[in-house]
Amino acid sequence: MEKRGESVEVRGKTVEEAIAAGLAQLGLRREQVEVEILSQGSRGLLGIGAEDARVRLTPIVEAAPAEPQEPVLSEEYWEGPEEEEVRAEGPKAPALSPKEVERIAREALQGILQRMSIQARIVSKPPTEFMLEGDNPPPVVLDIQGRDLGVLIGRRGETLGALQFLVRLIVNHRTRRWYNVVIDVQGYKERREQQLRRLAERMAEQVVATRRSVVLEAMPPYERRIVHLALRNHPKVTTHSIGEGDNRKVMIHLRQ
Amino acid sequence: MKELVEYIARSLVQEPEQVRVQEKQSGRSVTITLHVASDDIGRVIGKNGRVANAIRTLLKVQASKEGKRVFLEIE
């Protein structure tokens, strides 16, 4: 877990200028701080109504060793229980095989669906590249298949998010350990990943062509993570999340 | 709807035998009251109410099928 230092808020004509000013103030390099964009600012019309960009820089006192490539795997994107909620359950149990984890996850999911009077089959699938998390073992992926299952997805995937959260929580409670379980409905997440990847690439091209940043619509955490991952190795653009809570959005801007 | 809350709560607490769920109908509103052992309250509410809210989200699926509004209370 990272420790954080005292953060500073700085202004500048552009986001990049504000970041540079903040880094100078702290005497740190870009990779030693976490950047939160509070306001992108605006140029105004002929300088009238121009507003400064504002950013908050938080020094990372003890950065996680050797993983500068993986900032998008931060716990912000974790939609399961928090580590402390599991740790509170007592001593860690021995690790189970993926088959065993799958059995427990299936049972929990089946238990919930049955009590929601939903008739469906549960099929296990291999994880997609976006479901993998660095060096962690690959998640168990369960796809719910049947007819009229749109209600299980919900607006912006909200219902599916709740279902996955509860299944993970039950699995963690039963096993006294941390396992990543992904729940999907009729391959919805896989399709959404492809859509988001195409969107991210299209928007990145636009940012390069116009030299102007683009802010995508608000997205749930795992969808923002997909956009960040899709553009992680892009030579010309980089991404940040801005805004709070349900209103959090991905901004794509030029690398400097 | 009561069964769903009961199942989830029992799967998350340390003292499942203490879980009690009541369901009350009043017109188109359904109120579900979940009772758990006092040490287990945090487990069914969760940090920032995340667990309780996830249960509410699933309840809404069922309620909207039946054209009802559902409220979950925890005590």
Side-chain angles (χ1 to χ4, degrees), chain A residues 75-76 78-90 104-120 144 148-176 181 183 185 220-221 244-246, chain B residues 1-25 30-74:
Chain A
E75 62 190 43
E76 181 190 339
W78 172 252
E79 289 183 320
E82 313 223 352
E83 202 170 351
E84 63 208 69
E85 289 174 291
V86 174
R87 225 190 283 131
E89 304 286 344
I104 295 166
R106 244 174 211 277
E107 197 181 284
L109 180 58
Q110 188 65 60
I112 292 175
L113 293 179
Q114 194 183 319
R115 285 158 187 88
M116 291 175 76
S117 317
I118 286 172
Q119 303 276 330
I144 308 168
D148 301 325
L149 295 180
V151 289
L152 283 183
I153 299 170
R155 196 178 58 93
R156 285 178 52 198
E158 189 194 30
T159 308
L160 181 51
L163 189 59
Q164 175 174 287
F165 175 75
L166 290 169
V167 170
R168 284 176 171 181
L169 202 58
I170 295 172
V171 170
N172 286 315
H173 180 75
R174 291 210 179 135
T175 61
R176 305 277 189 269
V181 176
I183 307 295
V185 173
E244 302 289 334
D246 285 349
Chain B
M1 285 188 251
K2 183 176 174 256
E3 291 73 27
L4 176 65
V5 176
E6 209 164 80
Y7 177 77
I8 296 170
R10 291 222 164 105
S11 306
L12 295 176
V13 298
Q14 299 287 57
E15 296 182 64
E17 68 286 354
Q18 299 269 339
V19 172
R20 302 267 180 285
V21 185
Q22 285 180 313
E23 185 172 321
K24 272 188 206 145
Q25 301 250 6
V30 182
T31 303
I32 294 175
T33 310
L34 167 63
H35 175 92
V36 299
S38 55
D39 283 350
D40 281 327
I41 287 183
R43 294 192 176 85
V44 294
I45 293 177
K47 204 174 176 185
N48 301 321
R50 283 175 87 193
V51 179
N53 287 334
I55 299 173
R56 289 188 180 105
T57 301
L58 297 191
L59 281 173
K60 267 194 265 169
V61 172
Q62 261 184 306
S64 66
K65 270 193 211 161
E66 298 170 21
K68 288 180 181 152
R69 280 161 58 92
V70 64
F71 302 91
L72 173 67
E73 286 170 7
I74 294 166

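Per chain, numbering begins at 1; letters A, B, ... match sequence-line order. Everything numeric in this text was worked out from a predicted model, so none of it was measured.
With A:Ile170 as reference, A:Ile112 is the one residue of A:Ile104, A:Ile112, A:Leu109 to meet the side chain to side chain contact (heavy atoms under 4.5 Å, CB included) rule.
With hydrogens and angles disregarded, a donor-acceptor distance shorter than 3.5 Å links the side chain of A:Gln164 to the backbone of A:Ile183. In this structure, B:Arg20 contributes its side chain and B:Glu17 its backbone to a donor-acceptor pair below 3.5 Å.
B:Val13 touches chain A through its backbone: at least one of N, CA, C or O sits under 4.5 Å from a heavy atom, while the side chain does not. At a 4.5 Å heavy-atom cutoff, the contact between B:Glu3 and chain A is made by backbone and side-chain atoms alike. Heavy-atom distances place both the backbone and the side chain of B:Ile55 under 4.5 Å from chain A. For B:Lys2, no part sits under 4.5 Å from any heavy atom of chain A, backbone or side chain. A:Ile118 touches chain B through its side chain: at least one heavy atom from C-beta onward sits under 4.5 Å away, while N, CA, C and O do not.
Counting non-hydrogen atoms of neighbouring residues, nucleotides and ligands closer than 6.0 angstrom, the NZ atom of B:Lys65 exceeds 12 such neighbours.
Residues in residues 30-40 of chain B take part in these salt bridge (charged side-chain N to carboxylate O under 4.0 Å, His left out) pairs, two or more places apart or across chains: B:Asp40-B:Arg43.
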